[in-house]
Amino acid sequence: MLPTAELHIHIEGTLEPEMLVRLAARNGVKLPTTDIDELRARYRFTDLQAFLDLYYANLPVLRTEQDFYDLTSAYLARAATAGVRRAEIFFDPQAHLRNGVPLEAVFAGLSGALDDADDISADLILCFLRDLGAEAAEETFRAALPFRDRFIGVGLDSAEVGNPPGIFQDVYRMAAAEGLHRVAHAGEEGGPDYVWEALDVLGVERVDHGIRAMEDVELVARLRDDRVALTVCPLSNVALRVVDKLADHVLPAMLDEGLLVCVNSDDPAYFGGYVDDNFAALRGKLGLDEQQLATLAWNSFDACFASAEQKARWQAEVTASAEHGAWLV
Ligand SMILES: Nc1ncnc2[nH]cnc12
Ligand SMILES: [Zn+2]
């Protein structure tokens with residue numbers, strides 16, 4: 001198994017149908033069906049919005065600190081089997097606040113699970129829901145400041161088109177002043193202009209998805225020259241019909257351009273697989289070779305927010321795995 005970092009993972013997107021049913025029963029939340037196969041059959045999407053509608057509809061089952069703890073522990077256990085050494089985990093506090101869950105419960109459950117995981121290094125990135133606007137993001141950020149030591153950065157997710165990064169300039173400035181890392185979803189469904197804005201207006205250190213950056217040669221040069229990481233999610237892009245099929249994905253072209261790309265699962269419960277499944281599909285369906293797969297794993301550690309010493313240790317592990325031909329990802 002190739003060691004890797006997972007830098008684009010929404011904890012709410014790890015809600016498997018089995019856990020959905022268990023939490024609904026525990027909290028007395030009514031679901032349209034409790035049949036696992038029927039629930040899984042609904043995990044098919046025409047676009048990002050169709051996915052988001054279901055993703056948000058399922059979240060009311062998360063009510064207590066224990067629920068957030070259980071969800072996160074299950075992800076970390078699964079990720080460990082996928083070779084994940086480091087996870088930088090997104091969460092959507094606004095989605096839980098509007099369901100009546102206090103921030104205390106969200107933070108306590110998430111960070112409790114991280115503290116108890118001894119085989120994975122993990123931290124949290126607080127995401128703003130871009131479709132709720134800039135004022136709501138600022139209000140959320142202020143409300144989260146008492147928990148400042150529980151998260152290492154901010155991100156931007158949810159419905160992309162029509163909600164450009166630039167409108168979040170002020171809250172990103174506030175986050176920078178707090179010494180937080182900054183990332184944002186851009187160039188998933190939105191065009192290269194959204195990626196430019198994320199870089200130039202928000203000052204992001206990493207771009208989440210960013211695949212549509214490939215439509216703009218100047219942008220590609222900028223990303224390469226500044227070594228800006230792009231957290232690409234191949235199975236997500238197919239599931240949300242951002243690309244028709246995996247064989248059409250721009251990931252090999254991104255590697256050829258020398259971009260700092262890595263592989264991630266995004267919302268694995270919904271998109272057909274965890275990070276190891278993404279690696280396996282890249283090998284089996286996209287024909288990536290051993291060198292390319294090792295580069296992707298190595299890049300993931302380059303792009304992560306751990307200490308330089310720790311990153312170097314993981315990268316040495318990737319190199320050693322590569323030398324031993326550990327390609328059964
Ligand atoms: N792939 C994705 N894009 C935007 N927002 C999201 N929230 C959860 N997954 C997302
Ligand atoms: Zn995402």
Side-chain angles (χ1 to χ4, degrees), residues 5-16 20 43-59 62 71-72 75 79 87-99 106 110 124-133 136-137 140 153-165 167-168 181-191 194-195 197-198 202 204-213 229-243 249 251 261-275 277-278 300 303:
E6 178 146 62
L7 309 179
H8 186 156
I9 172 79
H10 301 262
I11 199 63
E12 296 87 351
T14 69
L15 185 58
E16 295 283 350
L20 179 73
Y43 286 21
R44 292 188 187 284
F45 312 104
T46 49
D47 58 12
L48 174 59
Q49 190 58 56
F51 155 68
L52 290 170
D53 291 345
L54 182 63
Y55 171 90
Y56 294 127
N58 282 342
L59 292 187
L62 292 165
L71 181 70
T72 309
Y75 163 68
E88 297 180 3
I89 302 175
F90 297 143
F91 68 110
D92 290 329
Q94 287 161 288
H96 309 302
L97 283 167
R98 74 181 169 199
N99 287 337
V106 177
L110 297 177
L124 298 172
I125 295 179
L126 182 156
C127 283
F128 304 115
L129 301 185
R130 62 204 308 158
D131 41 348
L132 298 188
T140 307
V154 296
L156 187 63
D157 64 4
S158 203
E160 183 181 10
V161 174
N163 300 298
I167 60 176
F168 297 93
H181 290 291
R182 287 160 291 161
V183 302
H185 283 53
E188 180 185 19
E189 284 190 341
Y194 281 38
V195 179
E197 265 188 36
L202 303 187
V204 299
E205 298 156 78
R206 286 197 305 245
V207 174
D208 296 312
H209 294 294
I211 56 173
R212 292 199 55 199
L230 299 129
T231 63
V232 174
C233 307
L235 290 179
S236 162
N237 297 149
V238 176
L240 299 186
R241 312 226 189 146
V242 176
V243 300
H249 204 283
L251 184 62
V261 277
C262 60
V263 176
N264 305 269
S265 66
D266 203 2
D267 300 281
Y270 292 88
F271 300 152
Y274 287 78
V275 74
D277 302 310
N278 275 268
S300 72

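Note that ligands are numbered from 1 as they come in the structure, with each ligand's atoms numbered from 1 the same way. We number each residue from 1, following the sequence as shown.
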Using 30° and 60° as the class boundaries, would you call the ring planes of [X] and [Y] parallel, tilted or perpendicular?
| X | Y | value |
| --- | --- | --- |
| H185 | F90 | tilted |
| F271 | F45 | perpendicular |
| H10 | H8 | perpendicular |

Q: Check side-chain hydrogen bond (donor to acceptor under 3.5 Å, both in side chains) between E205 and all other residues, then give those that pass, not counting sequence neighbours.
A: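 side-chain hydrogen bond (donor to acceptor under 3.5 Å, both in side chains) check on E205 returns H181.
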
Q | Polar side-chain atom of N264 near backbone of L7 as donor-acceptor pair, under 3.5 Å | A |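 At least one qualifying donor-acceptor pair exists.
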
Q | Residues lining ligand 1 [heavy-atom distance under 4.0 Å, listed by chain and residue number] | A |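 Correct list: H10, L48, F51, L52, Y55, D157, S158, H185, E188, H209, D266, D267.
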
Q. Is any side-chain N of the basic residue among E189 and R241 closer than 4.0 Å to the acidic one's carboxylate O?
A.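 No, E189 and R241 are not salt-bridged.
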
Q: Provide the protein N, O or S atoms situated under 2.8 Å from the Zn ion (ligand 2); waters are not included.
A: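 Near the Zn ion (ligand 2), the protein supplies H8 NE2, H10 NE2, H185 NE2, D266 OD1.
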
Q: Name all residues meeting the side-chain contact (heavy atoms from CB on, under 4.5 Å) criterion together with L62; count only those two or more places apart in sequence or in a different chain, and write none if there are none.
A: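 Partners of L62 under the side-chain contact (heavy atoms from CB on, under 4.5 Å) test: L23, L59, D67, F68, L71, H96.
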
Q | pair H209-C233: side-chain heavy atoms closer than 4.5 Å | A |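 Of all side-chain heavy-atom pairs linking C233 with H209, at least one is under 4.5 Å.
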
Q | Near-ring test F128/F168, centroid separation under 6.0 angstrom | A |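 Ring-ring flag for F168/F128: false, centres at least 6.0 Å apart.
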
